[in-house]
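Excluded from the calculations below are hydrogen atoms, water molecules and symmetry mates; all remaining heavy atoms, backbone and side chain alike, are included.
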Amino acid sequence: MLNALKKPCSARIFCRLLKGLIIFLLIIMQIRGVFVYASQKHLKEADTRLEYINLPFWQKFNDDILIHYIVCAISNNYGLKALRTRINEVRAAKNIEVSKQFPSFSVGANYLGLKIPRVAIPFQGFRDNAFALPFITHWEIDLFGKRKNKIDMAFEDINSSIYEEKGAAIALASEVAGIYFNISNLNSQIEIQERVIENKKEKLTRVQKSFNAGVLGAQALNNAKKEAEYEEIVLNDYKKQKRGFILNLAYLMGEAPDNIRDYAFSDIKTVEFKGQIPDCINSDITFQRPDVLQKEAALKKAKIDITLARKEFLPNINVFGVLMFSTLTPNFRWDGAVANLLAGATETLFSGGRRIFNLKAKKFVYERLLNEYLESDLLALKEINDALYQLKTDVKTYNSNLNNLGFEEDNFIRVSNSYRYGVSNRFDVLDSNNSFLYEKSKLLNSKVQKFADLISLFKATGGCL
């Protein structure tokens, strides 16, 4: 009777000790987990991608159609959607690393067949055929912060993916705007070219009549035909360029190119940038560029990876526990249970130098990424300076073309008045009109070039213009 009372008492004591140990370890784990998350500062992606592209900058063009196309592209482009999915993918990978902080617990149902030698082990009521119900737990204690380092690296992967999405959004908005201005300009160029062709055809008609009358020779007639054919080639080239830009615009907005609708475009002559063009830009703005920030995140990850490689020389601390009930004994109770709790450290004594070589490799990776980061910083400075210089130069070119257009317009008016009073002939009027149209075409091209430089500067500054 006394022995029967002692067994349950010892079982309860063991269970309490085991339970207390598990609770103690869980408390330690939770405390470490709090400090892990408290020390993490990771970037949060924008709720909408429009937060990436600095929409107020594009609104300075005072073109609602342009804003509409940019918003459509940012919302519907499949490349950007894939990058957002990539962020969720690396975030899930981070959560996997976080989950490894917690102990694993499993249970199984197994058939157990035994052949017990009766000579070596006298019969104690064991059964040859039994069913076992083992509860198994395993936990790797992060005493040296190895798991924390892996979580930190996962956070840097998230940051890198967010910067990649931001850079892609800025590039997409810039490309859509560039295509939009080119198409708007081509619409005006086609209109101008059609007027030039009308003048050339009228001139050819008059030269043909003069040739038929014997006033002009065949050379003058051939030159007039050649000029008319050349202008037709230019018109066809404009239309081909416009078609290519429209297809690209549809692609960027996630629309099928075989079902292109009629897109609306503002008149390039009425579009103006109302913002202030900067004279100089602080070099610190390079640290706002997504590509530079992405390189920085990769550099931070490589630095953490070196720390983790050093910690590979430290032992691993594991807790392993088993509690198995079975029908091996007549009673499926604590009396027939097998319990085991093992906690200890394991250290690799020799691995052929793998850990040393791994540490050296991580250091080489860090050095390579550092050089890439410095190169990207210099490239950013170069692109900003190039874009700013080209913008200032092309603004001067635009102003010069604007003055030249005024001169050609005055010449055309004077030639027209002379023709009205019988001083000049019709050929002079047609040539003067075409010169005015050519100058108008140059002005619009220089205007679009100015816009392209603004977009290049916007991209070079990482959307912080």
Side-chain angles (χ1 to χ4, degrees), residues 43-89 160-188 239-268 270-275 288-291 293-294 383 387 391 447-465:
L43 190 67
K44 182 180 182 299
E45 76 272 16
D47 294 330
T48 63
R49 302 179 190 90
L50 294 177
E51 299 177 31
Y52 291 143
I53 62 171
N54 189 11
L55 201 58
F57 167 79
W58 302 109
Q59 292 171 343
K60 293 177 183 179
F61 287 97
N62 291 330
D63 193 338
D64 293 336
I65 302 177
L66 170 64
I67 299 298
H68 171 71
Y69 288 152
I70 290 177
V71 171
C72 286
I74 295 297
S75 302
N76 301 325
N77 184 266
Y78 290 105
L80 274 186
K81 291 181 179 180
L83 290 177
R84 177 58 61 92
T85 306
R86 169 63 180 167
I87 295 175
N88 296 330
E89 178 184 341
S160 178
S161 298
I162 293 174
Y163 291 133
E164 183 181 7
E165 183 190 32
K166 182 178 181 180
I170 292 173
L172 177 62
S174 301
E175 188 173 0
V176 169
I179 291 174
Y180 176 84
F181 290 134
N182 274 293
I183 295 176
S184 181
N185 179 41
L186 284 171
N187 287 336
S188 296
K239 291 180 178 180
K240 183 179 68 174
Q241 292 181 38
K242 179 182 175 181
R243 177 66 179 179
F245 282 128
I246 290 178
L247 288 173
N248 199 10
L249 181 62
Y251 162 74
L252 294 177
M253 293 194 300
E255 298 182 2
D258 58 346
N259 190 23
I260 295 179
R261 53 186 173 85
D262 292 331
Y263 295 111
F265 299 94
S266 298
D267 192 345
I268 191 64
T270 62
V271 179
E272 292 292 344
F273 182 73
K274 301 300 182 181
Q288 302 296 324
R289 283 178 47 135
D291 58 336
L293 292 173
Q294 189 176 2
E383 290 179 353
L391 177 59
K447 185 177 186 178
V448 172
Q449 184 60 49
K450 181 180 70 172
F451 290 166
D453 295 336
L454 272 170
I455 295 172
S456 297
L457 185 61
F458 173 80
K459 289 177 59 179
T461 57
C464 297
L465 189 60

**Request:** Decide if the gap between the ring center of Phe273 and the ring center of Phe451 is smaller than 6.0 angstrom.
**Result:** no
**Asked** Between the side chain of Asn248 and the main-chain N/O of Gly244, is any donor-acceptor distance below 3.5 Å?
**Response** no
**Request:** Please examine the side chains of Glu255 and Asn76, heavy atoms only from C-beta on, and report whether any two atoms are closer than 4.5 Å.
**Result:** no
**Request:** Look at Glu51 together with Lys166 and state whether they make a salt bridge at an N to O cut-off of under 4.0 Å.
**Result:** no
**Prompt:** Ile65 and Ala264: which non-hydrogen atoms are nearest, and at how many Å?
**Reply:** CG2-O, 3.2 Å
**Request:** Mind checking the CD-OG1 spacing from Glu165 to Thr85? Nearest 0.5 Å is all I need.
**Result:** 9.5 Å
**Request:** Locate the shortest heavy-atom distance separating Tyr180 from Asp63; write the atom from each residue and the value.
**Result:** OH-OD2, 2.7 Å
**Message:** Apply side chain to side chain contact (heavy atoms under 4.5 Å, CB included) to residues Thr461 and Gln288 and explain how you reach the verdict.
**Reply:** CA-CA 7 Å; Thr461 57; Gln288 302 296 324; over 6 Å; no
**Message:** Under the side-chain contact (heavy atoms from CB on, under 4.5 Å) test against Trp58, which residue among Ile455, Val71, Val176 passes?
**Reply:** Ile455
**Message:** For Lys450, I'd like to know if atom NZ has over 12 heavy atoms of other residues, nucleotides or ligands within 6.0 Å.
**Reply:** yes
**Prompt:** Considering all heavy atoms of both residues, which atom of Lys242 and which atom of Asn187 are nearest to each other, and what is their separation?
**Reply:** NZ-OD1, 2.8 Å
**Prompt:** Does a side-chain heavy-atom distance below 4.5 Å link Tyr263 with Ile183?
**Reply:** no
**Request:** Would you please name every residue forming a side chain to side chain contact (heavy atoms under 4.5 Å, CB included) with Lys240, sequence neighbours left out?
**Result:** Asp237
**Message:** Rounded to the nearest 0.5 Å, what separates atom OG in Ser456 from atom CD in Gln449?
**Reply:** 8.0 Å
**Fill in**
Here the pair of heavy atoms bringing Met253 nearest to Cys72 is SD-CB, 3.9 Å
**Request:** Return yes if some donor-acceptor pair links the side-chain N/O of Asp453 with the main-chain N/O of Ala387 below 3.5 Å, else return no.
**Result:** no
**Message:** My understanding is that only residues two or more places apart in sequence, or in another chain, count here; which of them pass side chain to side chain contact (heavy atoms under 4.5 Å, CB included) with Lys239?
**Reply:** Ile190, Leu235
**Request:** Check for a donor-acceptor pair, side chain of Lys447 on one end and backbone N or O of Val271 on the other, with a separation under 3.5 Å.
**Result:** yes
**Request:** Specify whether Phe57 and Phe458 have parallel, tilted or perpendicular ring planes, treating 30° as the upper limit for parallel and 60° as the lower limit for perpendicular.
**Result:** parallel
**Request:** With rounding to the nearest 0.5 Å, note down the distance linking NZ in Lys274 to CZ in Phe61.
**Result:** 11.5 Å
**Message:** Please report the interatomic distance CD1(Ile162) to CD1(Ile87), rounded to the nearest 0.5 Å.
**Reply:** 5.0 Å
**Request:** With rounding to the nearest 0.5 Å, note down the distance linking CG in Asp64 to CD in Gln59.
**Result:** 8.5 Å
**Message:** Looking at Tyr78, I'd like to know if the NZ or CZ of Lys81 sits under 6.0 Å from its six-membered ring centre while staying within 45 degrees of the ring's axis.
**Reply:** yes
**Message:** Please report the interatomic distance CD1(Ile53) to CD1(Ile70), rounded to the nearest 0.5 Å.
**Reply:** 6.0 Å
**Message:** Please give me the minimum heavy-atom distance between Asn54 and Leu465, naming the atom from each residue.
**Reply:** ND2-O, 3.3 Å
**Prompt:** Is there a donor-acceptor contact under 3.5 Å from the side chain of Asp267 to the main chain of Thr270?
**Reply:** no
**Asked** Just wondering, do Phe181 and Ile268 contact through their side chains at under 4.5 Å, heavy atoms?
**Response** yes
**Asked** For Glu383 and Arg289, which heavy atoms make the closest approach, and how far apart are they?
**Response** OE1-NH1, 2.8 Å
